[in-house]
Amino acid sequence: MHGRCAGRIVETEAYLGLEDLAAHASRGLTGRTRVLFGPPGHAYVYLIYGMYECLNLVAEPEGSPGCVLVRALEPLAGIALMRRRRPTARRVEQLCSGPGRLTMALGITRKLYGASVSHGALTVRNWADGPGFDVEVTARVGVRHCADWPLRFHMAGSRFVSGVSPARRA
DNA sequence: CAATAGATCATCT
DNA sequence: GATGATCTATTGC
């Protein structure tokens, strides 16, 4: 990422294997989905709608193509850098709220395809001693297939989750 | 507010 | 040649 940006993941979605028609991996192993069939702990970054990058983390053993889409981040560091990214000036709550927004804010692109999450530019750490929180489970956003599967997980009450109206941000 | 149109391209058929 | 795990700006009520 450009400089030192960091955030806490507050919203994710799970994408499963063959049985999940909303998952890219359900169409089998292709050039794009190759990393999904590899070992866990690596980034699956792809281009959506011709202009946004989405960050996923491979989360299943080799040969089993499950992954997690990172949908929203609570910015913790490097917020000034995020502000200078492409979106026009906006509130901090919205900087990383949404899969396309957070990759823009952090400068994540397909050049990180396959990158490990245990070291390097894209490092993910466990918040082992962090405060506990409730997780709400809903249907995934923007999918056509398997539209009612409860595979979206977000931190209850977080203002940094996507789809929270400005009025409700308090 | 809520709803919708338009941008834009890698990937797969 | 169609499609899509999105976002922004604009329009309409």
Side-chain angles (χ1 to χ4, degrees), chain A residues 1-2 5 7 9-38 40-60 64-75 79 81-115 117 122 124 135-155 158-170:
Chain A
M1 304 178 243
H2 50 82
C5 297
I9 295 173
V10 297
E11 177 182 351
T12 64
E13 280 176 3
Y15 287 86
L16 313 180
L18 295 175
E19 73 276 24
D20 182 3
L21 271 282
H24 293 164
S26 68
R27 315 302 156 90
L29 198 157
T30 67
R32 183 175 60 163
T33 61
R34 175 175 47 83
V35 72
L36 289 173
F37 290 82
H42 294 266
Y44 169 53
V45 187
Y46 71 93
L47 183 72
I48 187 67
Y49 298 125
M51 57 185 77
Y52 299 106
E53 318 263 352
C54 288
L55 170 67
N56 300 251
L57 307 177
V58 180
E60 293 271 336
S64 178
C67 69
V68 169
L69 170 67
V70 183
R71 285 194 58 89
L73 235 53
E74 174 178 345
I79 293 173
L81 293 171
M82 298 181 197
R83 278 201 172 287
R84 270 192 274 126
R85 296 303 290 183
R86 280 182 264 173
T88 52
R90 51 172 34 84
R91 287 193 291 288
V92 174
E93 293 100 34
Q94 299 190 12
L95 277 175
C96 302
S97 174
R101 283 186 183 158
L102 77 88
T103 52
M104 275 190 278
L106 299 186
I108 293 172
T109 68
R110 282 161 290 165
K111 70 179 186 284
L112 287 175
Y113 182 93
V117 299
L122 185 67
V124 179
V135 175
E136 287 180 4
V137 184
T138 65
R140 293 174 294 188
V141 176
V143 298
R144 302 209 320 174
H145 304 281
C146 310
D148 55 349
W149 290 21
L151 292 178
R152 173 172 173 259
F153 307 90
H154 66 92
M155 182 182 295
S158 172
R159 304 184 316 276
F160 302 91
V161 166
S162 71
V164 180
S165 73
R168 230 196 116 92
R169 287 181 192 280

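Every chain is numbered from 1, with letters handed out A, B, ... down the list of sequences.
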Quiz item: Contact class for A:Arg140 (heavy atom, under 4.0 Å): base, sugar-phosphate, or nothing?
Solution: nothing
Practice problem: Have a look at A:Leu47 and say if it touches a base, only the backbone sugar-phosphate, or nothing, with a 4.0 Å heavy-atom cut-off. | Solution: sugar-phosphate
Self-check item: A:Arg71 side-chain N/O to C:dA5 phosphate OP1/OP2 under 4.0 Å
Solution: no
Exercise. Take atom OH of A:Tyr52 and atom P of B:dC9, then tell me their distance rounded to the nearest Å.
Key: 12 Å
Quiz prompt | Euclidean distance, atom CG of residue A:Asn56 to atom C1' of C:dT6 [Å, nearest integer] | solution = 14 Å
Practice problem: Can you tell me the distance, in whole Å, between the CG atom of A:Leu21 and the P atom of C:dT3? | Solution: 16 Å
Self-check item: Atom-to-atom span, CG of A:Leu29 to C1' of B:dT11 - whole angstrom
Solution: 14 Å
Quiz item: Base, sugar-phosphate, or nothing for A:Gly100, non-hydrogen atoms under 4.0 angstrom?
Solution: sugar-phosphate
Quiz item: Is any side-chain nitrogen or oxygen of A:Arg27 closer than 4.0 Å to OP1 or OP2 of B:dT11?
Solution: no
Self-check item: Side-chain donor/acceptor contact of A:Tyr46 with base of B:dA10 under 3.5 Å
Solution: no
Quiz item: Does A:Arg34 make a cation-pi contact with A:Tyr113 (under 6.0 Å, within 45 degrees of the axis)?
Solution: no
Quiz item: A:Arg110 has an atom CZ; how far is it from atom P of C:dA5, in whole Å?
Solution: 16 Å
Self-check item: Backbone N/O of A:Ala14 and side chain of A:Arg140: donor-acceptor pair under 3.5 Å
Solution: yes
Practice problem: May I ask you to verify if any side-chain N or O of A:His24 is less than 4.0 angstrom from the OP1 or OP2 atom of B:dT11? | Solution: no
Quiz item: Can you check the A:Gln94 CD to C:dC7 P distance for me, whole Å?
Solution: 11 Å
Practice problem: Any strand is fair game: report the nucleotide pairing with B:dT8 by Watson-Crick or G-U wobble, both distances under 3.5 Å, or none. | Solution: none
Quiz item: Would you say a side-chain N or O of A:Arg101 is under 4.0 Å from OP1 or OP2 of C:dT8?
Solution: yes
Quiz item: Between A:Tyr49 (OH) and B:dA5 (P), how many Å, whole number?
Solution: 15 Å
Self-check item: Assigned partner base of B:dT13, Watson-Crick or wobble definition, under 3.5 Å
Solution: none
Quiz item: Can you list the steps and then say if A:Glu74 with A:Ser158 is a side-chain hydrogen bond (donor to acceptor under 3.5 Å, both in side chains)?
Solution: CA-CA 8 Å; A:Glu74 174 178 345; A:Ser158 172; 4.9 Å; no
Quiz prompt | Earlier contact from the 5' end, DNA chain B, for A:Gly31 and A:Ile48 | solution = A:Ile48
Practice problem: Take the protein atom CE of A:Met51 and the nucleotide atom C1' of C:dT3, then report the distance between them rounded to whole Å. | Solution: 14 Å
Quiz item: When rounded to the nearest 0.5 angstrom, what is the spacing between CG in A:Leu69 and CG in A:Leu55?
Solution: 7.5 Å
Practice problem: Return the nucleotide paired to C:dA5: Watson-Crick means purine N1 to pyrimidine N3 with N6-O4 or O6-N4, wobble means G-U with N1-O2 and O6-N3, both under 3.5 Å. | Solution: none
Quiz item: What is the distance from atom CG of A:Leu21 to atom CG of A:Leu16, rounded to the nearest 0.5 Å?
Solution: 11.0 Å
